[in-house]
Amino acid sequence: MTTFYSIIYANIRPSLDERVSIALLLRDDNRLIFHYAPEKLDALRALLPAEAYSLARTLVKNLDEYIGNPEPVNKYFNYKVSIEPFERRFLEKSYVSYLATYSNNLLTFSEPKAIDLPVTDDAFIRLFQKYIHQDWEIARKHASNSNVTERVRRDLYPKVKGRVNLDATITAQVVPGLIAPTKVNIAGRNEVGMIGQIIDFEKKRYSLEADINRIVALARAFEANDETNGKYFLIGKEPGLDFPFQREIWQNVRQQPTFEFVPENETERIDEYIAEHKVQPLIPEDAIEAEG
């Protein structure tokens, strides 16, 4: 079977053939890669009506969930997609050609184009930079987690200030049984605990594992106090394709029912949860420890 790729477009004004490329699909006999550009998806917010943007985002996220979640062949490299019946259809050129002809007016697939290359991460990144977002992978590689933190503090903090604790340290005085004081970005409670924590998913593996384990330990301490349905938001960016160890951890986080991964450009989901569930600060103001 020949390698082919297809470009996924968001249609801005179909009557004028005005569209924006936002994702790429590349496949051969054994491997399929799907990836979208979060920056371009986020930019659609200013180009589409609110309902159309919400639908486009949902469609892209659903595609990513169905066909874009790789499972590692080994711990070093070479990702593959587990081909279930739905995903298997995307290995067929005829099916992608069908989508190119009959997909809805909001998202469209380009006619699949054959190329004489194996499906590799390098090939995918080159095509992605050519057709979707030239600087996206480079920008992701060099962006520091401080940019994510700054964005969360700028976009989310003003909305939730006063309803939760911000940049606080949780101790065993607040959550009995907690072994070590734990710094978090957001802490609240309704009937159960609610935590929001910014995670740099491109950290060195041992540092990333330590960050995740701190939140796991905090969740277990809540559960030991009969708060078994707590809400734990992990905020960050999807790690790039050249971070296989970190991608494995990121995938595990997304599959864990304990956590909810929130991309840094979708923190309104946390604001909505806090408002809907009438979340209040977890820690009384006089009990908050100053950060060292």
Side-chain angles (χ1 to χ4, degrees), residues 1-10 19-42 56-100 103 107-141 143 201-202 236-255 261 263:
M1 187 182 293
T2 306
T3 300
F4 77 77
Y5 68 88
S6 179
I7 301 168
I8 292 84
Y9 295 94
R19 60 186 186 175
V20 175
S21 61
I22 58 172
L24 180 72
L25 182 151
L26 177 68
R27 82 94 185 96
D28 62 14
D29 285 342
N30 301 312
R31 191 175 179 205
L32 182 154
I33 304 177
F34 173 88
H35 214 52
Y36 69 93
E39 293 89 342
K40 294 185 80 171
L41 184 62
D42 193 35
R57 187 179 72 176
T58 299
L59 291 171
V60 171
K61 297 282 187 178
N62 285 346
L63 279 172
D64 188 44
E65 288 292 329
Y66 279 125
I67 62 175
N69 288 337
E71 296 180 355
V73 175
N74 60 51
K75 63 181 181 179
Y76 296 106
F77 54 91
N78 288 341
Y79 284 90
K80 69 177 182 179
V81 170
S82 176
I83 305 299
E84 298 300 332
F86 178 89
E87 292 92 332
R88 191 178 300 279
R89 287 179 287 175
F90 282 87
L91 292 181
E92 302 295 334
K93 184 175 180 180
S94 59
Y95 183 67
V96 177
S97 182
Y98 165 83
L99 290 175
S103 55
L107 292 185
T108 54
F109 286 72
S110 71
E111 191 67 29
K113 184 176 178 63
I115 55 172
D116 188 21
L117 286 173
V119 175
T120 65
D121 290 345
D122 287 343
F124 182 84
I125 290 171
R126 289 201 303 271
L127 288 168
F128 194 95
Q129 290 175 332
K130 181 177 181 179
Y131 294 112
I132 310 301
H133 198 323
Q134 183 176 5
D135 299 324
W136 182 64
E137 286 291 342
I138 297 173
R140 288 172 62 83
K141 187 184 299 184
F201 283 97
E202 292 187 350
K237 288 184 177 181
E238 174 185 350
L241 295 174
D242 48 351
F243 290 89
F245 291 112
Q246 291 84 347
R247 285 187 69 82
E248 181 179 354
I249 293 173
W250 175 73
Q251 291 289 351
N252 290 339
V253 163
R254 296 178 72 195
Q255 294 165 9
F261 173 72

**Q** Quick one: list whatever passes side chain to side chain contact (heavy atoms under 4.5 Å, CB included) with Asp42, sequence neighbours left out.
**A**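 In terms of side chain to side chain contact (heavy atoms under 4.5 Å, CB included), with neighbours along the sequence ignored, Asp42 is linked to Arg45, Tyr53, Arg151, Asn265.
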**Q** Spell out, as yes or no, whether a donor-acceptor pair under 3.5 Å connects the side chain of Glu202 to the backbone of Phe243.
**A**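 Side chain of Glu202 to backbone of Phe243: no pair is present.
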**Q** Nearest 0.5 Å please: distance from the CZ atom of Arg126 over to the OH atom of Tyr131.
**A**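 Reported value, rounded in 0.5 Å steps: 12.0 Å.
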**Q** Can you tell me how far apart CG (Leu25) and CD1 (Ile8) are? Round to the nearest 0.5 Å.
**A**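 CD1 of Ile8 is found 5.5 Å from CG of Leu25.
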**Q** Do Ile132 and His35 touch side chain to side chain, with heavy atoms closer than 4.5 Å?
**A**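 Answer no - side chains too far apart.
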**Q** Say whether, by atom type as modelled, one donor and one acceptor occur between the side chain of Ser6 and the main chain of Phe109 under 3.5 angstrom.
**A**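 Between the backbone of Phe109 and the side chain of Ser6 there is no qualifying donor-acceptor contact (under 3.5 Å).
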**Q** Taking it one step at a time, do Phe128 and His133 satisfy side chain to side chain contact (heavy atoms under 4.5 Å, CB included)?
**A** CA-CA 6 Å; Phe128 194 95; His133 198 323; 4.1 Å; yes
**Q** Return the minimal non-hydrogen interatomic distance between Ile22 and Ala10, and the atom names on each side.
**A**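 Minimum heavy-atom contact is CD1-CB, 4.1 Å.
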**Q** How long is the gap from CD on Glu39 to NZ on Lys237, to the nearest 0.5 Å?
**A**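 That separation rounds to 6.0 Å.
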**Q** Apply side chain to side chain contact (heavy atoms under 4.5 Å, CB included) to Ile115 and Leu127, showing your working.
**A** CA-CA 11 Å; Ile115 55 172; Leu127 288 168; 3.8 Å; yes
**Q** Determine whether Tyr5 and Leu24 make a side-chain contact, defined as any pair of heavy atoms from C-beta on separated by less than 4.5 Å.
**A**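 In short, these two side chains touch, coming nearer than 4.5 Å.
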**Q** Give a yes or no answer on whether the side chain of Arg27 reaches the backbone of Thr2 with a donor-acceptor pair at less than 3.5 Å.
**A**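 Confirmed, Arg27 side chain pairs with Thr2 backbone.
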**Q** Taking all non-hydrogen atoms of both residues into account, name the closest pair between Phe34 and Val60 and its distance.
**A**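 For Phe34 and Val60, the tightest heavy-atom pair comes out as CE2-O, 4.3 Å.
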**Q** Got a sec, which residues hit ring-ring contact (aromatic ring centres under 6.0 Å, His included) with Tyr9, two or more places apart in sequence or on another chain?
**A**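 None.
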**Q** Can you tell me how far apart CD1 (Ile125) and CG (Leu26) are? Round to the nearest 0.5 Å.
**A**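 So the gap between those two atoms works out to 11.5 Å.
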